[in-house]
Chemist: 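The structure is given below, and queries will be raised subsequently.
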Amino acid sequence: ALEPGSVAALSAMAMLRIQVLGDRAGGGQLLEDAVREHPSAVSCLEQLAELRFEEGRHAEAISLYEDAIRAEPGNADLSYNLGCALASASASAEEREAAEGSVLKPPGGGGSSPENPHLSSTGLARRAKEAWEDVVAVDATHEEARYNLALLLLELGDRDEAERHFAEVRVSNPSNAMAPYQLA
């Protein structure tokens, strides 16, 4: 039995509200309360990060994934999800930069600057690269992280390193139909 107020109970109640009842706001509030009460509760941090990512609130998702990784270093799944959130935020920032002719602005105004380069699309992409590199360092067989890393390396102009990762994907999963054609 779960004790009321325990991390597991709060996490389970939040997922019940979100998945069964369709109450994303209520489930999100439960997760926020759990994280406030238990700031290193990895399961709640991860669930709340996933919820924020699905809502398109990438900056919050990134921060929550980073908190979860600090609480549980070396967790390949958390690093993979952080990379996905960073890459998605980078794509969104790139679209805004193109539309506005400027870089992503943090909450409260301002833009990318020498003091704040991680808010540009390039800065976010480089952070995604680092997150996916962390994943393959911990789990060399993590095909999705390696494949995403290879695609990102292509975008960043590092064709040789991208080819190395595509080759690893082909070795670990010869049935991956896309890996051989990414460099064509």
Side-chain angles (χ1 to χ4, degrees), residues 7 11 15 31 35 38-98 103-104 106 112 114 116-184:
V7 171
S11 175
M15 289 297 87
L31 290 170
V35 166
H38 307 279
S40 61
V42 173
S43 63
C44 293
L45 287 164
E46 183 176 21
Q47 289 170 330
L48 186 55
E50 289 170 4
L51 183 64
R52 295 302 177 242
F53 180 79
E54 290 169 4
E55 294 169 343
R57 295 163 64 177
H58 298 125
E60 289 178 57
I62 290 165
S63 178
L64 290 160
Y65 281 128
E66 288 172 336
D67 289 346
I69 291 167
R70 276 190 289 280
E72 192 174 309
N75 182 317
D77 291 332
L78 291 173
S79 291
Y80 174 75
N81 290 338
L82 172 62
C84 291
L86 287 161
S88 187
S90 175
S92 296
E94 199 171 90
E95 290 171 10
R96 273 191 292 278
E97 289 167 8
V103 295
L104 178 66
S112 178
N116 210 2
H118 64 281
L119 295 176
S120 71
S121 60
T122 303
L124 291 165
R126 292 200 185 285
R127 289 175 59 202
K129 175 183 170 279
E130 291 168 4
W132 287 327
E133 286 172 337
D134 289 347
V135 173
V136 297
V138 171
D139 180 1
T141 64
H142 199 296
E143 181 181 338
E144 295 87 357
R146 193 172 291 280
Y147 186 79
N148 287 347
L149 177 58
L151 289 174
L152 184 56
L153 287 164
L154 271 181
E155 286 182 33
L156 295 173
D158 193 344
R159 187 176 177 85
D160 292 340
E161 189 68 7
E163 174 55 34
R164 186 178 74 75
H165 288 286
F166 282 130
E168 289 291 331
V169 170
R170 288 191 297 270
V171 167
S172 68
N173 182 1
S175 67
N176 185 314
M178 293 305 295
Y181 302 104
Q182 292 300 325
L183 296 171

Chemist: Which atoms form the tightest heavy-atom contact between Ala128 and Ala87, and what is the distance?
Modeler: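 Heavy atoms only, the tightest pair is CB-N, 3.8 Å.
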
Chemist: Do other residues, nucleotides or ligands put more than 12 heavy atoms under 6.0 Å from Arg126 CZ?
Modeler: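 No, CZ of Arg126 has 12 or fewer neighbouring heavy atoms, counting only those of other groups under 6.0 Å.
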
Chemist: Considering all heavy atoms of both residues, which atom of Asn148 and which atom of Cys84 are nearest to each other, and what is their separation?
Modeler: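 Smallest heavy-atom distance, with atoms named: ND2-SG, 4.2 Å.
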
Chemist: Checking Asp67 now: which residues fulfil salt bridge (charged side-chain N to carboxylate O under 4.0 Å, His left out) with it, not counting sequence neighbours?
Modeler: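 Once residues adjacent in sequence are excluded, the partners of Asp67 under the salt bridge (charged side-chain N to carboxylate O under 4.0 Å, His left out) criterion are Arg70.
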
Chemist: Is a donor on one side and an acceptor on the other found under 3.5 Å between the side chain of Ser172 and the backbone of Val169?
Modeler: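 The answer is yes, because a donor-acceptor pair under 3.5 Å joins these two groups.
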
Chemist: Looking at CG of Leu156 and CG of Leu154, how far apart are the two atoms once the value is rounded to the nearest 0.5 Å?
Modeler: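 Rounded to the nearest 0.5 Å, the CG-CG separation comes out at 9.0 Å.
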
Chemist: My understanding is that only residues two or more places apart in sequence, or in another chain, count here; which of them pass salt bridge (charged side-chain N to carboxylate O under 4.0 Å, His left out) with Glu161?
Modeler: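 For Glu161, the residues satisfying salt bridge (charged side-chain N to carboxylate O under 4.0 Å, His left out) (neighbours in sequence not counted) are Arg164.
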
Chemist: Sequence neighbours left out, what passes side chain to side chain contact (heavy atoms under 4.5 Å, CB included) with Gln47? Give chain and number order.
Modeler: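 By the side chain to side chain contact (heavy atoms under 4.5 Å, CB included) rule, Gln47 matches Ser11, Met15, Leu31.
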
Chemist: Could you point out which residue of Ile62, Leu152, Asn81 forms a side chain to side chain contact (heavy atoms under 4.5 Å, CB included) with Leu86?
Modeler: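 Only one of Ile62, Leu152, Asn81 forms a side chain to side chain contact (heavy atoms under 4.5 Å, CB included) with Leu86, namely Ile62.
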
Chemist: I need the full list of salt bridge (Lys or Arg N to Asp or Glu O under 4.0 Å) pairs touching residues 128-141, with sequence neighbours left out, sorted by first then second residue.
Modeler: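 As it turns out, the salt bridge (Lys or Arg N to Asp or Glu O under 4.0 Å) pairs with a partner in residues 128-141, which skip direct neighbours, are Lys129-Glu133.
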
Chemist: Between Arg170 and Glu143 (salt bridge meaning N to carboxylate O under 4.0 Å), is one present in this structure?
Modeler: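 Answer for the salt bridge query: no.
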
Chemist: Identify the heavy atoms of Ala61 and Phe53 that sit nearest to each other, and give their distance.
Modeler: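 So the minimum-distance heavy-atom pair works out to CB-N, 3.7 Å.
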
Chemist: Would you give the length of the straight line joining atom CG of Leu51 to atom SG of Cys44, rounded to the nearest 0.5 angstrom?
Modeler: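 Interatomic distance, Leu51 CG to Cys44 SG, rounded to 0.5 Å: 12.0 Å.
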
Chemist: For Ser43, which residues count as a side chain to side chain donor-acceptor pair (under 3.5 Å) partner, sequence neighbours excluded?
Modeler: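 Partners of Ser43 under the side chain to side chain donor-acceptor pair (under 3.5 Å) test: none.
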
Chemist: side-chain contact (heavy atoms from CB on, under 4.5 Å) between Ser79 and Tyr65: does it pass, once the steps are laid out?
Modeler: CA-CA 8 Å; Ser79 291; Tyr65 281 128; over 6 Å; no

Chemist: Ignoring hydrogens and angles, tell me if any N or O in the side chain of His142 forms a donor-acceptor pair with the backbone of Ala145 under 3.5 Å.
Modeler: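 Yes; judged by distance alone, with no hydrogens or angles, the pair exists.
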
Chemist: Quick one: pull up CG in Leu82 and CH2 in Trp132 and give me the separation to the nearest 0.5 Å.
Modeler: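 Reported to 0.5 Å precision, the distance equals 9.5 Å.
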
Chemist: Calculate, to the nearest 0.5 Å, the distance between atoms CD and CZ belonging to Glu168 and Arg146 respectively.
Modeler: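 Between atom CD of Glu168 and atom CZ of Arg146 there are 4.5 Å.
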
Chemist: Excluding sequence neighbours, so at least two apart, what forms salt bridge (charged side-chain N to carboxylate O under 4.0 Å, His left out) with Glu50?
Modeler: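 Checked Glu50 against salt bridge (charged side-chain N to carboxylate O under 4.0 Å, His left out); zero matches.
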
Chemist: CG of Leu64 to CG of Leu48: how many Å apart, nearest 0.5 Å?
Modeler: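 Atom-to-atom, Leu64:CG and Leu48:CG are 4.5 Å apart.
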
Chemist: Under the side-chain contact (heavy atoms from CB on, under 4.5 Å) criterion, do Asp77 and Val135 qualify, and how do the steps go?
Modeler: CA-CA 7 Å; Asp77 291 332; Val135 173; over 6 Å; no

Chemist: Rounded to the nearest 0.5 Å, how far apart are CG of Leu149 and OH of Tyr80?
Modeler: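 Between atom CG of Leu149 and atom OH of Tyr80 there are 11.5 Å.
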
Chemist: For His58 and Ser88, work out which heavy atoms get closest and say how close.
Modeler: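 The pair with the smallest heavy-atom distance is NE2-OG, 3.1 Å.
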
